Each structure stands twice: as structure tokens, then as C-alpha cells.
2 protein chains.
Amino acid sequence: MAGAAEQPGGAELAPSTSSRATATSGTQVVGRVAAVLQAVAAAGTARTAEIARSTGLTRPTAHRLLTALAHEGLLDRDGTGSWALGFELTLLGAVAAQRYPAQDLATPHLRRLAEATGESAFFSARRGDEVICLERAEGSFPVRSHVLHEGLRLPLGVASAGLAILGHLPDEQLEAALAATRERRSQLGPQHDDAHVRHLVSHVREHGWSLNPGRIVEGSWGMAAAVFDASGQPRYALSLTGIESRFRPPRQHQLGTALLEQAHRLSTALRTGRAAS
Amino acid sequence: MAGAAEQPGGAELAPSTSSRATATSGTQVVGRVAAVLQAVAAAGTARTAEIARSTGLTRPTAHRLLTALAHEGLLDRDGTGSWALGFELTLLGAVAAQRYPAQDLATPHLRRLAEATGESAFFSARRGDEVICLERAEGSFPVRSHVLHEGLRLPLGVASAGLAILGHLPDEQLEAALAATRERRSQLGPQHDDAHVRHLVSHVREHGWSLNPGRIVEGSWGMAAAVFDASGQPRYALSLTGIESRFRPPRQHQLGTALLEQAHRLSTALRTGRAAS
DNA sequence: GTTGATCGTCCACATGGTGGACAAGCGGGA
DNA sequence: TCCCGCTTGTCCACCATGTGGACGATCAAC
């Protein structure tokens, strides 16, 4: 219900990729600013036209916003003309992170996961109907998936991290999330329809951890465990990605156990506010 | 030259505290958004009217921006109606911090300083003509100064961190910074005029570290050492604060040495990209 | 040289933001 | 209880501000 914008009449097909329709009230330039920042974050680095496309803005408008944001230090521009998140966001983020100390506490657990399993490990956070990848720790295994990267936003339900979180939500919230992400999921392919997601969610409810059997990129598998914030909500996730052959039983079971253990320790750390040993 | 806005005619006395006049080109709503975010960050938590005052916006306008930003998750609103930085800023900041990994590397050095000296230690960053306090580590000594806190922005030259950075700038940049901060410094009191700042800067150039002998709040002293980024610029600072009696010689000399040592190690870590031992 | 893509900029239009003014809520003091 | 001073949220007429179609410049590839 937090970000549930009312949809007037039928879902009018968006012309391009314009996703957000947060024009609830007041200043909508703010919404565009947020969309631009998120688009740059998700891309890591992007050109003006790419941002215009991914936000649904016209190119002149995107250009004006981008330059204005860069003028404020919220964005940087590298030599080639690509945009990236700026220093000012580091400063604001550092202050904001005090109220949400999750990442600092997560880093050691992430490292431990990567070391123990040899796969690449990720820390992600839920916000609204999306899951944002926040940090990556490389594993030692030389074949690595680069589907996920810091800043990437995916709707709940398409990656293992989002699935793990979905699996710990009560039915009502699960249905709401499915409804809210339905359109975006369908754009990512038929393998993300409700039936498939529900199947993977039931797996989470049975085993505690989630499995993404190559649903985003063929052969790139993922597993995740939900992490609970101080109020007991599944707000974060720890996940592992790698190639199919390393995510089959019985190794699958070992990985699941390792994920659950670190997720549990991290949840405890978040609850007590103190880093675990 | 980065943020040097041209001043039309005489410096028309600002009615309230309106500081920034970044209306160089394009969208100026973006400038207001940035100002609001910075104001909230600096206050930690603030009411609508306070933000309106500190940004120079009218209250309805501030209110609209604040609610719009909260709608995007960039701000939160607690039960009492106060605003604080939101979760979305944590996410954006985490991605942005990858390109500026200073804080992660600074934390252990900060802790070490606080432990070794018993005073509270701070990590700050320069941006434009300001220094922003980013992280605090409490010392063991029971009398602590709370003048500095995370998010606070001060013009270069009024606190020990800014002084340490000023002292490592070439003359030309020093003069530019003095000119750019002159008005704001004068608002903070006559003890921050050019002559006094120059005197403290010369101290930095002689000893390597800076000393703020209670220039912001009487009896609250500070010392700092500059930290250099990968390109060799003095972009950050480590500092200590405490009561006057603990910042006199010969202890002053010990504190300065400790600051310089940690600052040097941190600078090395920033240059090599790897955390020091 | 030609094509095809990007980029940055201009300017008339009207959309969307502005802020003075009003109303409501809250607590303290008499 | 009433009044006062403080806050906050909201309205709406005005016009400043942002918008985006269109143009010209730039660059790389073929």
C-alpha cells in the first residue's frame, strides 16, 4: 500500500519503457529527478539518450535534468560524456545510512559467504515492489555471472533475492506484490508469470531459501535467503549466483544452509544494532 | 571556480539564511531539491518550517518539495512530523560510494584515533567551499563536544577539518576559498575573519595539522589532519575534538602526531585502493 | 563523401510551480 | 473555558518556468 498508485481505468500501454506513474500530487519534477537518479544508479554509467529512454523522458528534458543534477554534484560526467552518480550522493547517503545501518553490518557476512562457497555473493534491499542490488563480493570460482550488479533494480519475484523476500511475506502482501509487479514481470519474459513465481515462492516457504533456476539468463542460477530488519520485516536478502552445475543437489543444500546461517546472523545483528562475531 | 556564482551588483543582504544562488542555468527546481536534501542532512531531523528557513524557501514551497521527496522515498517522516533522510538515499548512496570508497576505508582509522586518544574523532569531506562531517567515533573521555555531528556542513576555514584542508591548498586556491566563504564566515562571528583564518592556515603549513582553539564554541577545541585522495588532492580530513585542557601542549603534539599518522595511512589506502593494516 | 548516430541548444507555448492567504490542530497560560 | 501563539496542511489565481519539437554541430563508421 505504500507505493500503490491508483491506476485510472485500464492500464494504458506505456509507449516506451516509462514505468513509474507517481504523479499522485504536487511537484512532479521531483519524481522525474528521482527516476533519473535511479536510472543512472541502475545503469552504473549511462549516456544521455539511454537515460531518456529508460525514464520515458524526452531527450532535451533528460539532458536538462542531468546537467542540473551534475551542477549540484548529485551526478558526475566522465570524459566520454557518460553520467554516473556524484560525490554529493555519497555524502547524503553516508548520513542517511546512519538510520539504516544494514550495509555496514552486511559486508562481513557477504565476504564470508563468498569465501565459504566460492560463488559471488550479493546483498540486496527491498524498496516498494523492487529489489535493489547493493553490494557484490566476488567468489573464487573463475566462471562468474554478471547479470547482477550494484544499483540494479528488479521487480520482486524475478531474482532469487526478491523471491526469498516474497516467500516470507503474508499472503495478503504477497498478492499485492504480485499484482504490482505483474506488468513489469511480463515484460521480462513468460517465465516470470504468476504461476512460476508462486511455485518458487512455495519452495521458499518450504526450505527457507529461494532458488532461481536460470530464469533471468539461461544457465545463471541464484539462491537467496531473506534478512529481517529490526522490526522483523524481510527487507534485505543475501544471495549467491553462479553456473547451473554448481547449484545442483547436493551442493544446493550446502549453499542453502550457508545462506540461512549468514542471513540469520545478519538479522540478529540488525535487531541488536551490533555487529556479530 | 566550481561553484563560483556571479554576484549581480552589490551583495544584497539575504532576508533570512538563504545561502545558495546556484541559478546558473536550466532547471532550478533541482537546485532547490538539492538544498532541501542538504538542509535535512545537516539538521539530522527537522520540521517543515525549519527547512523553509534554512533554505530560504517559502513554507508552502518547502512543504511541497518535502512531501514530494518523501513520496519518492528520498525523505522519511517520523511520527512527530519531523523529516529525515530516507531509505532511497541509502540505496543511491551505496551505489555512489563505489566510486568514492573513502568512508569505508576511513572507519578503522577513525576508530583507532578515538581509541588511542580518548577524544571523539571525525571523518569529514570537502565539497566545493564546504566541509561535511561524515562519521563520528566516540572517545572514552566522558566530557564530549557535540558541536560537530554527521551531515553538518561548515564553510572551509571555520573548523579544524576545513583548516587542515585549506592549509594544503596552493595560494591561488586558498584565496579563492577565502573569498567564496567570506560572507558565510562573517555570519558565524568576527573570530572567523580572513586574518584569523590565515593565521591558523600558516600554523597548518608549519606543523602539518590544524588547530581550532575554541573558535566555534568556547572551550571546544579541535585538531585535524588532511587526507589526500587518489589524485593527490586534500579532499578529506580526520579530526579530534574535546575540551581545551586536553588540547594544550605537550598533549597537543601527541594528538597531532596521531592525526598525521592515521591521515597518512588513510591517504595511502585511498591511493592504492586497498585497506591498510 | 555520405550515412547514421549521438550530442547540445534554441525558443514559442502552456503547463506546472509559486506563495500569499485562509483554516485547522495543538499546547500552554490565565 | 477562552484566548493566544505556535505550528501544519491546503487552496487557487497568476505568471514564471519547464517543456519538447526542431535545428545545427560533432563524431565514427563505411
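These numbers were taken from a predicted model, which means no experiment stands behind them. Any value given below was found using the heavy atoms of this structure, including those in side chains, with hydrogens, waters and symmetry copies removed. Below, chain A is the first sequence line, B the second, and so on; all start at residue 1.
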query = If you pin A:R77 and A:R32 to their nearest nucleotides in DNA chain C, which one's is more 5'?
reply =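 Upstream on the strand: A:R77.
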query = Which of residues 40-47 of chain B sit near DNA chain C, with a heavy atom under 4.0 Å from it?
reply =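 Residues of residues 40-47 of chain B that come under 4.0 Å of DNA chain C do not exist, since none gets that close.
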Return all side-chain donor-acceptor pairs below 3.5 angstrom for residues 95-102 of chain B, not counting sequence neighbours, or 'none' if the list is empty.
| from | atom 1 | to | atom 2 | distance (Å) |
| --- | --- | --- | --- | --- |
| B:R99 | NE | A:L85 | O | 3.2 |
| B:R99 | NH2 | A:D76 | OD2 | 2.7 |
| B:Y100 | OH | A:D76 | OD2 | 2.2 |

inquiry  = Strictly below 4.0 Å, N to O, side chains only: are A:R144 and A:E138 in salt-bridge contact?
reply    = yes
key: Within-4.5 Å side-chain heavy-atom neighbours: B:L65 and B:R32   = yes
key: Sub-4.5 Å side-chain heavy-atom contact between A:Y236 and A:L270   = yes
Looking only at atom [atom1], what distance separates [N] and [M], rounded to whole Å?
N      : M      : atom1 : value
C:dG4  : C:dG8  : P     : 23 Å
D:dA25 : C:dA12 : C1'   : 23 Å
D:dA28 : D:dG24 : P     : 23 Å
D:dT26 : C:dC11 : C1'   : 22 Å

key: Donor-acceptor pair between A:T48 and A:W83 side chains, under 3.5 angstrom   = yes
request  = Report yes or no: do B:T241 and B:W221 form a side-chain donor-acceptor pair below 3.5 Å?
outcome  = no
Can you pull every protein N or O that's under 3.5 Å from an N or O on nucleotides 21-27 of chain D?
none

request  = Please list, chain by chain and in numerical order, all residues satisfying ring pair (Phe, Tyr, Trp, His ring centres under 6.0 Å) with A:H168, sequence neighbours excluded.
outcome  = A:F228
request  = Just jot down the ring pair (Phe, Tyr, Trp, His ring centres under 6.0 Å) partners of A:F122, sequence neighbours excluded, or say none.
outcome  =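 With sequence neighbours excluded, A:F122 shows a ring pair (Phe, Tyr, Trp, His ring centres under 6.0 Å) to no residue whatsoever.
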Without decimals, in angstroms, what is the distance between [X] [atom1] and [N] [atom2]?
X     : N      : atom1 : atom2 : result
B:E50 : D:dC6  : CD    : P     : 15 Å
A:L65 : C:dG16 : CG    : C1'   : 14 Å
B:Q28 : C:dG16 : CD    : C1'   : 12 Å
A:L57 : D:dG20 : CG    : P     : 8 Å

task = May I ask you to evaluate whether B:R64 reaches the phosphate of C:dT18, defined as a side-chain N or O under 4.0 Å from OP1 or OP2?
result = yes
query = Does A:T61 put a side-chain nitrogen or oxygen below 4.0 Å from OP1 or OP2 of D:dG18?
reply = no
Side chain to side chain contact (heavy atoms under 4.5 Å, CB included) partners of B:T181, counting only residues at least two apart = B:D129, B:P155, B:L156, B:R185
message = Quick check for you: among C:dT18, C:dT9, D:dT7, whose closest atom lies nearest to any side-chain atom of B:R53?
response = D:dT7
